[in-house]
J.: 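Got a structure for you, questions after.
To find a chain, count down the sequence lines: A is the first, B the second, and so on, and within it residues start at 1. Just so you know, these numbers come straight off a predicted model, no measurement behind them.
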Amino acid sequence: MSSKTSAIETPQAIRGTQDIFGPDAEAFGFVVETFERVRKLYRFRRVEMPVFEKTAVFSRSLGETTDVVSKEMYSFEDRGGESLTLRPEFTAGLARAYLTNGWQQYAPVKLATHGPLFRYERPQKGRYRQFHQIDAEIVGAAEPQADVELLVLADQLLKELGIADGVTLQLNTLGDAPSREAWRVALIDYFRAHRAELSEDSQDRLERNPLRILDSKDPRDKPFTADAPKIDNYLSAEAQDFFGRVTAGLDAAGVAWTRAPALVRGLDYYRHTAFEFVTDRLGAQGTVLGGGRYDGLIEALGGPHTPAVGWAAGIERLAMLVGEKGEARAYVIVVAENAEQEVAALRLVSQFRRAGVCAEIVATGSPRKRFDRAKKLNPAALVSLDVRDGAPTRSLRVLEAGFAAADRVSAVFDAFVAEQQ
RNA sequence: GCGAUCGUAGCUCAGUUGGUUAGAGCGCCGGUUUGUGGUACCGGAGGUCGAGGGUUCGAACCCCUUCGAUCGCCCCA
């Protein structure tokens with residue numbers, strides 16, 4: 001890519017987007033593949049949904065005052081003049097799909113999906129404008145067992161990804177609608193009395209999203225958040241019982257959790273169970289997986305009352321915890337050390353691949369350096385095709401005895417030699 | 001949206017108080033050596049020092065603007 005005096009300017013990538021390659025891309029793929037595997041163990045069904053929806057799908061379900069809706073959505077008019085939005089999350093679109101496709105017939109349904117999401121935010125570590133999540137939801141299930149199943153799934157996923165160490169499950173309940181509302185009113189009353197002493201951010205939150213004051217990091221807010229009204233005092237008997245059955249289920253399934261009374265969710269549709277799997281290894285973006293119950297969402301989209309629970313996890317964040325993953329190593333490399341052998345090398349390498357052996361060919365560049373280059377790729381076996389004294393020579397060298405595909409490699413090689421006689 | 005740090009070859013970086021044709025290692029390409037060998041030596045390609053403007057006799061270095069990255073705030077997964 002030497003552009004010297006080229007007058008053409010290369011367009012740059014959009015801010016907050018990423019091009020993922022090599023070991024990082026392998027880690028990304030590992031997260032998705034592990035999710036797919038585990039999700040099948042729990043019999044969650046795969047869904048694919050559009051990347052964009054009518055704007056109302058998100059504005060109605062997330063809440064007009066949330067930051068996501070008020071300032072972070074990628075919204076635009078299409079050529080027909082309709083306001084559309086690139087999905088900032090999965091749940092709203094999934095609820096819409098549930099309604100417009102009549103998935104009530106399958107209820108309760110366990111659903112899983114993954115893909116890109118878009119939010120106009122300031123990029124930083126673990127936060128992008130196009131980011132990716134895996135997502136699991138149970139729609140049409142009112143029982144606490146659904147919450148438990150989802151949480152156990154999440155727990156197993158993190159364990160199978162090998163990143164469960166240092167990740168803790170923070171659990172809270174926001175109560176049912178009356179509990180949540182009573183608590184909310186009490187919080188507003190309480191914080192309003194101290195309004196002038198709160199941070200500017202929290203004064204603002206008081207109007208828009210009072211629950212959020214509870215997890216403010218501002219030291220000026222700390223003295224007040226400690227003594228703020230507790231959800232436990234506003235929980236109805238039903239809500240209390242519900243939460244008790246969730247925690248009992250987690251204990252029975254052997255999932256560790258800690259109560260986080262200040263844990264709230266940013267989006268309006270959450271009820272009852274709220275949770276986050278949190279790590280301290282990702283700096284400010286410590287939430288690795290989060291979600292909760294959203295019994296009110298489907299009604300907000302004009303559907304019948306439909307209880308549901310779900311969670312989402314950022315693939316980039318999970319991939320960062322996973323670390324770099326090695327790429328597939330070639331079991332065998334075929335080297336054409338002589339121009340005359342290039343065609344034969346091409347034939348042999350495709351025979352290896354058809355036999356299911358991961359293989360690579362080296363047949364370009366200086367013939368004298370090809371063998372060295374092949375060896376640097378560190379294969380388990382190396383086939384050299386050359387011409388000595390006018391006669392073709394073929395050798396198979398095993399550099400690592402007893403590797404996985406060893407038998408197949410020698411079988412394919414022997415057949416090739418026989419064929420060339 | 002706010003604050004801070006940063007931006008030199010493909011990669012990791014050096015570049016002294018602003019001073020002649022901007023460097024190293026690795027990688028890449030080629031030659032010699034080796035000839036069953038991942039060696040050693042030599043050579044080469046590749047940079048308008050993120051971009052634009054300014055100060056100056058002179059800017060990679062100082063100033064402004066802009067783009068991008070990183071780290072906080074905010075938000076959230």
J.: Is A/Gly291 touching bases, backbone alone, or none of the nucleic acid, heavy atoms closer than 4.0 Å?
T.: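 Touches nothing.
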J.: Can we say A/Arg353 and A/Glu360 salt-bridge, meaning some charged N sits less than 4.0 Å from an Asp/Glu carboxylate O?
T.: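 Answer for the salt bridge query: yes.
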J.: Using a cut-off of 4.0 Å on non-hydrogen atoms, how would the nucleic acid contact of A/Gly16 be classed: base, sugar-phosphate, or nothing?
T.: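 Touches sugar-phosphate only.
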J.: Write out the stems for RNA chain B, ordered by first number and formatted as range with range, counting runs of at least 3 consecutive Watson-Crick or G-U wobble pairs under 3.5 Å.
T.: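 Runs of three or more consecutive pairs: B:1-7 with B:67-73, B:10-13 with B:23-26, B:28-32 with B:40-44, B:50-54 with B:62-66.
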J.: ring-ring contact (aromatic ring centres under 6.0 Å, His included) with A/Tyr294: which residues, sequence neighbours excluded?
T.: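 A/Tyr294: ring-ring contact (aromatic ring centres under 6.0 Å, His included) contacts with A/Tyr269.
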J.: Decide side chain to side chain donor-acceptor pair (under 3.5 Å) for A/Glu160 and A/Thr34; before the verdict, give the C-alpha distance in whole Å, the side-chain angles of both, and the deciding distance to 0.1 Å.
T.: CA-CA 7 Å; A/Glu160 303 221 0; A/Thr34 306; over 6 Å; no
J.: Quiz question: going by heavy-atom distance under 3.5 Å, is there a donor-acceptor pair between the base of B/rC75 and the side chain of A/Arg205?
T.: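 No, the side chain and the base share no sub-3.5 Å donor-acceptor pair.
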J.: Both A/Arg122 and A/Glu89 contact RNA chain B. Which one's nearest nucleotide lies toward the 5' end?
T.: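 On the 5' side of the pair lies A/Arg122.
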J.: So does A/Arg15 get a side-chain nitrogen or oxygen closer than 4.0 Å to the phosphate oxygens (OP1/OP2) of B/rG68?
T.: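 Checking B/rG68 against A/Arg15, a side-chain N or O does come within under 4.0 Å of OP1 or OP2.
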J.: Is any side-chain heavy atom of A/Arg317 closer than 4.5 Å to a side-chain heavy atom of A/Thr279?
T.: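 A/Arg317 does not reach A/Thr279 side chain to side chain.
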J.: Classify the nucleic acid contact of A/Glu276 as base, sugar-phosphate or nothing, counting any heavy atom under 4.0 Å across all strands shown.
T.: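 Counting heavy atoms under 4.0 Å across all strands, no contact is made by A/Glu276.
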J.: Taking the side chain as everything from C-beta on, heavy atoms only, tell me whether A/Leu235 gets closer than 4.5 Å to A/Asp232.
T.: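 Counting from C-beta outward, A/Leu235 and A/Asp232 do come under 4.5 Å.
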J.: State which of B/rG37, B/rG1, B/rC74 makes the closest approach to the side chain of A/Tyr120.
T.: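 Nucleotide nearest to A/Tyr120's side chain: B/rG1.
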J.: Base, sugar-phosphate or nothing for A/Gln18? Non-hydrogen atoms, less than 4.0 Å.
T.: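 The residue A/Gln18 makes no contact with any strand.
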J.: Whole Å only: how far is the CZ atom of A/Arg127 from the P atom of B/rA77?
T.: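 Result: 12 Å.
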J.: Pairs under 3.5 angstrom, nitrogen or oxygen only, protein versus nucleotides 38-40 of chain B, please.
T.:
none

J.: If you take the centroid of each ring, where Trp contributes its six-membered ring, are A/Tyr331 and A/Phe403 closer together than 6.0 Å?
T.: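 For A/Phe403 and A/Tyr331, the ring centres are under 6.0 Å apart.
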J.: Ion pair present between A/Arg271 and A/Glu181, side-chain N to carboxylate O less than 4.0 angstrom?
T.: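 Here A/Arg271 does not pair with A/Glu181 in a salt bridge, since their nearest N and O are not under 4.0 Å apart.
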J.: Hey, can you tell me if A/His114 and A/Phe35 have their rings parallel, tilted or perpendicular (30° and 60° cut-offs)?
T.: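 Geometry flag for A/Phe35 against A/His114: perpendicular rings.
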